[in-house]
Number of protein chains: 2
Amino acid sequence: MISIDYQDRRPIYEQIVERYQTLIVRGILPPDTQMPSVRQTALELKINPNTISKAYGILEREGFIYSVKGRGSFVSGNQNVRDRKKQIWLEKLEGLLFEGRDLGVDSASVAACVDRVFGIKRKEEQS
Amino acid sequence: MISIDYQDRRPIYEQIVERYQTLIVRGILPPDTQMPSVRQTALELKINPNTISKAYGILEREGFIYSVKGRGSFVSGNQNVRDRKKQIWLEKLEGLLFEGRDLGVDSASVAACVDRVFGIKRKEEQS
DNA sequence: ATGTGTGTACTATGCCACATAGTACGCATA
DNA sequence: TATGCGTACTATGTGGCATAGTACACACAT
(Lines give C-alpha, C1' and ligand atoms only; values in the text may rest on other atoms or scores of the structure.)
Protein backbone atom coordinates (compact mmCIF):
# COMPACT_ATOMS: atom_id res chain seq x y z
CA MET A 1 0.00 0.00 0.00
CA ILE A 2 2.76 2.39 0.94
CA SER A 3 6.38 2.49 0.03
CA ILE A 4 9.37 4.65 0.82
CA ASP A 5 11.85 6.04 -1.63
CA TYR A 6 15.16 6.56 0.08
CA GLN A 7 16.45 8.33 -3.02
CA ASP A 8 13.81 10.99 -2.45
CA ARG A 9 15.28 13.96 -0.68
CA ARG A 10 12.07 14.58 1.22
CA PRO A 11 11.80 13.17 4.74
CA ILE A 12 9.97 9.89 5.23
CA TYR A 13 7.03 11.34 7.11
CA GLU A 14 6.43 13.78 4.28
CA GLN A 15 6.45 11.06 1.66
CA ILE A 16 3.88 9.14 3.68
CA VAL A 17 1.66 12.19 4.00
CA GLU A 18 1.81 12.85 0.28
CA ARG A 19 1.13 9.21 -0.58
CA TYR A 20 -1.97 8.95 1.58
CA GLN A 21 -3.25 12.32 0.40
CA THR A 22 -3.27 10.98 -3.13
CA LEU A 23 -4.89 7.67 -2.17
CA ILE A 24 -7.63 9.47 -0.28
CA VAL A 25 -8.29 12.21 -2.80
CA ARG A 26 -8.43 9.71 -5.63
CA GLY A 27 -10.97 7.67 -3.69
CA ILE A 28 -8.85 4.56 -3.48
CA LEU A 29 -9.28 4.85 0.24
CA PRO A 30 -13.00 5.64 0.71
CA PRO A 31 -14.32 7.58 3.70
CA ASP A 32 -14.30 5.72 7.03
CA THR A 33 -11.84 3.16 5.78
CA GLN A 34 -9.55 2.17 8.61
CA MET A 35 -5.97 3.24 8.09
CA PRO A 36 -3.21 0.74 8.76
CA SER A 37 -2.16 1.00 12.37
CA VAL A 38 0.89 3.00 13.28
CA ARG A 39 2.77 0.01 14.61
CA GLN A 40 1.75 -2.28 11.77
CA THR A 41 2.95 0.14 9.11
CA ALA A 42 6.13 0.76 11.04
CA LEU A 43 6.83 -2.96 11.07
CA GLU A 44 6.20 -3.39 7.36
CA LEU A 45 8.26 -0.40 6.31
CA LYS A 46 10.94 -1.18 8.90
CA ILE A 47 10.83 2.33 10.27
CA ASN A 48 10.04 3.86 13.63
CA PRO A 49 6.39 4.13 14.77
CA ASN A 50 7.03 7.73 15.73
CA THR A 51 7.61 8.61 12.10
CA ILE A 52 4.26 7.16 11.05
CA SER A 53 2.60 8.85 13.97
CA LYS A 54 3.99 12.16 12.84
CA ALA A 55 2.58 11.63 9.35
CA TYR A 56 -0.82 10.67 10.74
CA GLY A 57 -0.82 13.75 12.93
CA ILE A 58 -0.32 15.94 9.90
CA LEU A 59 -2.97 14.11 7.90
CA GLU A 60 -5.40 14.60 10.75
CA ARG A 61 -4.62 18.28 11.14
CA GLU A 62 -5.19 18.70 7.41
CA GLY A 63 -8.54 16.92 7.55
CA PHE A 64 -7.68 13.84 5.54
CA ILE A 65 -8.19 11.42 8.41
CA TYR A 66 -9.58 11.33 11.91
CA SER A 67 -8.22 9.34 14.81
CA VAL A 68 -10.05 7.61 17.61
CA LYS A 69 -8.09 6.62 20.67
CA GLY A 70 -8.09 2.89 21.20
CA ARG A 71 -9.71 2.17 17.87
CA GLY A 72 -7.56 3.55 15.10
CA SER A 73 -7.38 6.14 12.36
CA PHE A 74 -9.95 6.44 9.61
CA VAL A 75 -10.34 8.21 6.32
CA SER A 76 -12.32 11.41 6.59
CA GLY A 77 -15.40 12.00 4.47
CA ASN A 78 -14.66 15.70 4.19
CA GLN A 79 -15.28 16.69 0.61
CA ASN A 80 -13.60 20.05 1.00
CA VAL A 81 -10.30 18.29 1.34
CA ARG A 82 -10.39 17.12 -2.24
CA ASP A 83 -11.18 20.58 -3.57
CA ARG A 84 -8.51 22.17 -1.46
CA LYS A 85 -6.03 19.63 -2.74
CA LYS A 86 -6.92 20.50 -6.30
CA GLN A 87 -6.58 24.16 -5.51
CA ILE A 88 -3.11 23.67 -4.12
CA TRP A 89 -2.15 21.69 -7.18
CA LEU A 90 -3.32 24.44 -9.49
CA GLU A 91 -1.23 26.97 -7.61
CA LYS A 92 1.73 24.68 -7.93
CA LEU A 93 1.10 24.37 -11.65
CA GLU A 94 0.90 28.11 -12.03
CA GLY A 95 4.22 28.54 -10.28
CA LEU A 96 5.87 26.00 -12.52
CA LEU A 97 4.40 27.60 -15.63
CA PHE A 98 5.77 30.99 -14.67
CA GLU A 99 9.15 29.42 -14.19
CA GLY A 100 8.95 27.83 -17.63
CA ARG A 101 7.87 31.04 -19.25
CA ASP A 102 10.84 32.82 -17.71
CA LEU A 103 13.04 30.07 -19.05
CA GLY A 104 11.79 30.90 -22.51
CA VAL A 105 9.86 27.73 -23.18
CA ASP A 106 7.53 28.30 -26.12
CA SER A 107 3.82 27.93 -25.49
CA ALA A 108 3.49 25.35 -28.23
CA SER A 109 5.61 22.88 -26.29
CA VAL A 110 3.52 23.46 -23.21
CA ALA A 111 0.27 23.04 -25.10
CA ALA A 112 1.56 19.83 -26.62
CA CYS A 113 2.47 18.51 -23.22
CA VAL A 114 -0.95 19.35 -21.82
CA ASP A 115 -2.66 17.69 -24.75
CA ARG A 116 -0.53 14.61 -24.39
CA VAL A 117 -1.43 14.15 -20.74
CA PHE A 118 -5.03 15.26 -20.68
CA GLY A 119 -5.82 14.06 -24.19
CA ILE A 120 -8.16 16.87 -25.01
CA LYS A 121 -8.76 19.16 -27.85
CA ARG A 122 -8.14 22.68 -26.69
CA LYS A 123 -10.88 25.04 -27.65
CA GLU A 124 -8.91 26.46 -30.53
CA GLU A 125 -5.44 27.43 -31.39
CA GLN A 126 -5.03 31.04 -30.53
CA SER A 127 -4.90 32.98 -33.75
CA MET B 1 21.22 40.78 -8.38
CA ILE B 2 20.79 37.87 -6.04
CA SER B 3 18.70 37.41 -2.95
CA ILE B 4 18.10 34.72 -0.41
CA ASP B 5 14.77 33.55 0.90
CA TYR B 6 15.18 32.15 4.37
CA GLN B 7 11.59 30.94 4.27
CA ASP B 8 12.53 28.68 1.40
CA ARG B 9 13.20 25.20 2.66
CA ARG B 10 15.93 24.66 0.11
CA PRO B 11 19.52 25.28 1.19
CA ILE B 12 21.11 28.60 0.35
CA TYR B 13 23.63 27.23 -2.14
CA GLU B 14 20.79 25.59 -4.07
CA GLN B 15 18.81 28.81 -4.24
CA ILE B 16 21.84 30.58 -5.62
CA VAL B 17 22.39 27.90 -8.24
CA GLU B 18 18.78 28.08 -9.35
CA ARG B 19 18.82 31.86 -9.46
CA TYR B 20 21.88 32.08 -11.65
CA GLN B 21 20.65 29.29 -13.89
CA THR B 22 17.60 31.38 -14.68
CA LEU B 23 19.57 34.58 -15.22
CA ILE B 24 21.95 32.82 -17.58
CA VAL B 25 19.35 30.84 -19.51
CA ARG B 26 17.23 33.94 -19.98
CA GLY B 27 20.23 35.80 -21.33
CA ILE B 28 20.20 38.44 -18.64
CA LEU B 29 23.76 37.40 -18.00
CA PRO B 30 25.30 37.08 -21.47
CA PRO B 31 28.20 34.71 -22.23
CA ASP B 32 31.58 35.76 -20.85
CA THR B 33 30.03 38.16 -18.37
CA GLN B 34 32.05 38.14 -15.20
CA MET B 35 30.22 36.70 -12.25
CA PRO B 36 30.30 38.56 -8.93
CA SER B 37 33.26 37.36 -6.92
CA VAL B 38 32.75 34.79 -4.22
CA ARG B 39 33.87 37.11 -1.45
CA GLN B 40 31.92 40.09 -2.76
CA THR B 41 28.66 38.15 -2.95
CA ALA B 42 29.30 36.66 0.46
CA LEU B 43 29.68 40.15 1.91
CA GLU B 44 26.52 41.48 0.30
CA LEU B 45 24.37 38.52 1.26
CA LYS B 46 25.98 38.28 4.69
CA ILE B 47 26.73 34.61 4.25
CA ASN B 48 29.87 32.54 4.19
CA PRO B 49 32.12 32.56 1.09
CA ASN B 50 32.22 28.78 1.19
CA THR B 51 28.50 28.65 0.47
CA ILE B 52 28.89 30.79 -2.64
CA SER B 53 31.88 28.74 -3.68
CA LYS B 54 29.82 25.60 -3.43
CA ALA B 55 27.15 27.09 -5.68
CA TYR B 56 29.74 28.22 -8.22
CA GLY B 57 31.25 24.76 -8.21
CA ILE B 58 27.91 23.25 -9.11
CA LEU B 59 27.24 25.84 -11.79
CA GLU B 60 30.62 25.08 -13.31
CA ARG B 61 30.11 21.33 -13.25
CA GLU B 62 26.75 21.85 -14.98
CA GLY B 63 28.29 24.00 -17.68
CA PHE B 64 26.65 27.31 -16.80
CA ILE B 65 29.87 29.09 -15.92
CA TYR B 66 33.62 28.57 -16.16
CA SER B 67 36.18 29.64 -13.62
CA VAL B 68 39.68 30.97 -14.16
CA LYS B 69 42.04 30.92 -11.24
CA GLY B 70 43.18 34.38 -10.31
CA ARG B 71 40.72 36.10 -12.61
CA GLY B 72 37.20 35.09 -11.69
CA SER B 73 34.16 33.17 -12.87
CA PHE B 74 32.43 33.88 -16.15
CA VAL B 75 29.19 32.95 -17.86
CA SER B 76 29.56 30.08 -20.28
CA GLY B 77 28.52 30.40 -23.90
CA ASN B 78 27.36 26.83 -24.04
CA GLN B 79 24.06 26.80 -25.91
CA ASN B 80 23.26 23.22 -24.99
CA VAL B 81 22.75 24.28 -21.41
CA ARG B 82 19.72 26.33 -22.28
CA ASP B 83 18.08 23.55 -24.25
CA ARG B 84 18.82 20.97 -21.61
CA LYS B 85 17.31 23.20 -18.97
CA LYS B 86 14.13 23.52 -20.99
CA GLN B 87 14.04 19.80 -21.54
CA ILE B 88 14.25 19.10 -17.84
CA TRP B 89 11.52 21.62 -17.18
CA LEU B 90 9.19 20.00 -19.68
CA GLU B 91 9.68 16.62 -18.03
CA LYS B 92 8.89 18.19 -14.70
CA LEU B 93 5.76 19.72 -16.14
CA GLU B 94 4.63 16.41 -17.55
CA GLY B 95 5.06 14.73 -14.20
CA LEU B 96 3.01 17.40 -12.47
CA LEU B 97 0.29 17.20 -15.10
CA PHE B 98 -0.06 13.45 -14.62
CA GLU B 99 -0.37 14.01 -10.91
CA GLY B 100 -3.10 16.59 -11.49
CA ARG B 101 -4.96 14.32 -13.86
CA ASP B 102 -4.92 11.57 -11.26
CA LEU B 103 -6.23 14.09 -8.75
CA GLY B 104 -9.22 14.64 -11.00
CA VAL B 105 -8.50 18.19 -11.99
CA ASP B 106 -10.59 19.11 -14.99
CA SER B 107 -8.78 20.04 -18.17
CA ALA B 108 -10.54 23.39 -18.42
CA SER B 109 -8.89 24.61 -15.25
CA VAL B 110 -5.53 23.55 -16.57
CA ALA B 111 -6.09 25.23 -19.92
CA ALA B 112 -7.19 28.40 -18.17
CA CYS B 113 -4.07 28.38 -16.07
CA VAL B 114 -1.84 27.91 -19.09
CA ASP B 115 -3.56 30.73 -20.94
CA ARG B 116 -3.29 32.98 -17.94
CA VAL B 117 0.46 32.51 -17.68
CA PHE B 118 1.48 32.26 -21.29
CA GLY B 119 -1.10 34.65 -22.62
CA ILE B 120 -3.31 34.21 -25.62
CA LYS B 121 -0.95 35.70 -28.07
CA ARG B 122 2.75 35.35 -27.88
CA LYS B 123 4.21 37.06 -30.89
CA GLU B 124 7.27 38.62 -29.31
CA GLU B 125 9.29 37.56 -26.37
CA GLN B 126 12.21 39.14 -24.64
CA SER B 127 15.44 38.59 -26.50
C1' DA C 1 -10.73 -8.67 35.12
C1' DT C 2 -7.41 -9.51 31.69
C1' DG C 3 -5.00 -9.29 27.45
C1' DT C 4 -4.40 -7.23 23.12
C1' DG C 5 -4.34 -3.55 19.94
C1' DT C 6 -5.02 1.21 19.16
C1' DG C 7 -3.46 6.44 19.23
C1' DT C 8 -0.62 9.63 21.71
C1' DA C 9 3.09 11.82 24.43
C1' DC C 10 7.51 12.25 26.21
C1' DT C 11 12.73 12.07 26.74
C1' DA C 12 17.12 10.76 25.07
C1' DT C 13 20.24 9.70 21.46
C1' DG C 14 22.56 9.55 16.95
C1' DC C 15 23.07 11.02 12.31
C1' DC C 16 23.71 14.09 8.62
C1' DA C 17 23.20 18.15 5.64
C1' DC C 18 24.02 22.73 5.93
C1' DA C 19 26.34 26.79 7.15
C1' DT C 20 29.95 28.97 9.39
C1' DA C 21 34.88 30.27 10.89
C1' DG C 22 39.46 30.36 9.94
C1' DT C 23 43.47 29.49 7.34
C1' DA C 24 46.19 28.70 3.41
C1' DC C 25 47.71 28.17 -1.40
C1' DG C 26 48.20 29.25 -6.43
C1' DC C 27 47.28 32.43 -9.92
C1' DA C 28 46.40 36.97 -12.62
C1' DT C 29 46.84 41.73 -12.90
C1' DA C 30 47.87 46.61 -11.92
C1' DT D 1 54.78 43.99 -4.50
C1' DA D 2 50.04 44.43 -3.36
C1' DT D 3 45.57 43.20 -4.32
C1' DG D 4 41.84 40.39 -5.73
C1' DC D 5 40.46 36.11 -7.55
C1' DG D 6 39.17 30.84 -7.21
C1' DT D 7 40.06 26.86 -4.58
C1' DA D 8 40.99 23.58 -0.80
C1' DC D 9 41.17 22.09 3.75
C1' DT D 10 39.97 21.37 8.80
C1' DA D 11 37.10 22.34 12.63
C1' DT D 12 32.79 23.67 14.73
C1' DG D 13 27.87 24.59 15.55
C1' DT D 14 23.04 24.01 14.43
C1' DG D 15 18.69 21.99 13.27
C1' DG D 16 15.80 18.58 11.12
C1' DC D 17 15.06 13.87 10.90
C1' DA D 18 14.82 9.30 12.51
C1' DT D 19 15.42 6.14 16.02
C1' DA D 20 15.00 3.80 20.73
C1' DG D 21 12.57 3.23 24.67
C1' DT D 22 8.97 4.00 27.80
C1' DA D 23 4.55 5.22 29.33
C1' DC D 24 -0.38 6.38 29.41
C1' DA D 25 -5.40 6.29 28.05
C1' DC D 26 -8.76 4.03 25.59
C1' DA D 27 -11.67 0.28 23.02
C1' DC D 28 -12.74 -4.31 22.46
C1' DA D 29 -12.87 -9.35 22.82
C1' DT D 30 -12.30 -13.05 26.01
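Letters go in sequence order (proteins before strands), and every chain restarts at 1.
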On the nucleotide [N], are OP1 or OP2 found under 4.0 Å from the side-chain N or O atoms that [X] carries?
X      : N       : value
R71(A) : dC28(D) : yes
Y13(A) : dC17(D) : yes
S67(B) : dT7(D)  : yes
T51(A) : dT19(D) : yes
Y56(A) : dG7(C)  : no

If you take atom types as modelled and just measure distance, does the side chain of R39(B) reach the base of dG4(D) with a donor-acceptor pair under 3.5 Å?
->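 Side chain to base: no pair present.
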Return yes if the base of dG21(D) and the side-chain atoms of N50(A) contain a donor-acceptor N/O pair under 3.5 Å, otherwise no.
-> yes
Using whole Å, report how far [atom1] of [X] lies from [atom2] of [N].
X      : N       : atom1 : atom2 : answer
Q40(B) : dT3(D)  : CD    : C1'   : 14 Å
I52(B) : dT7(D)  : CD1   : C1'   : 15 Å
D8(A)  : dC17(D) : CG    : C1'   : 14 Å
L45(B) : dA19(C) : CG    : P     : 12 Å
K54(A) : dA9(C)  : NZ    : C1'   : 14 Å
I65(B) : dC5(D)  : CD1   : C1'   : 13 Å
Q34(B) : dG4(D)  : CD    : P     : 14 Å
I4(A)  : dA18(D) : CD1   : P     : 8 Å

Nearest-nucleotide pick for S37(A), side chain only, options being dT6(C), dA18(D), dC17(D) | dT6(C)
Identify whether the distance between the nearest side-chain nitrogen and carboxylate oxygen of E14(A) and R9(B) falls below 4.0 Å.
-> yes
For V68(A) and for I12(A), locate the closest nucleotide of DNA chain D by heavy-atom distance; then report the residue assigned to the nucleotide nearer the 5' terminus.
->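 The 5'-side residue here is I12(A).
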Where [X] and [Y] come nearest, the two heavy atoms and their spacing:
X       : Y      : answer
L23(A)  : I2(A)  : CD1-CD1, 4.3 Å
Y6(B)   : I47(B) : OH-CG2, 3.6 Å
L103(A) : K85(B) : CD2-CG, 3.8 Å

Going through the distances and angles, do Y13(A) and N50(A) end up as a side chain to side chain donor-acceptor pair (under 3.5 Å)?
-> CA-CA 9 Å; Y13(A) 78 91; N50(A) 290 335; over 6 Å; no
Closer to the 5' end of DNA chain C via nearest nucleotide, is it G70(B) or N48(B)?
->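 Here N48(B) is the residue nearer the 5' end.
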Looking for any heavy atom pair under 4.0 Å, which part of the strands does E60(B) touch: base, sugar-phosphate only, or nothing?
-> sugar-phosphate
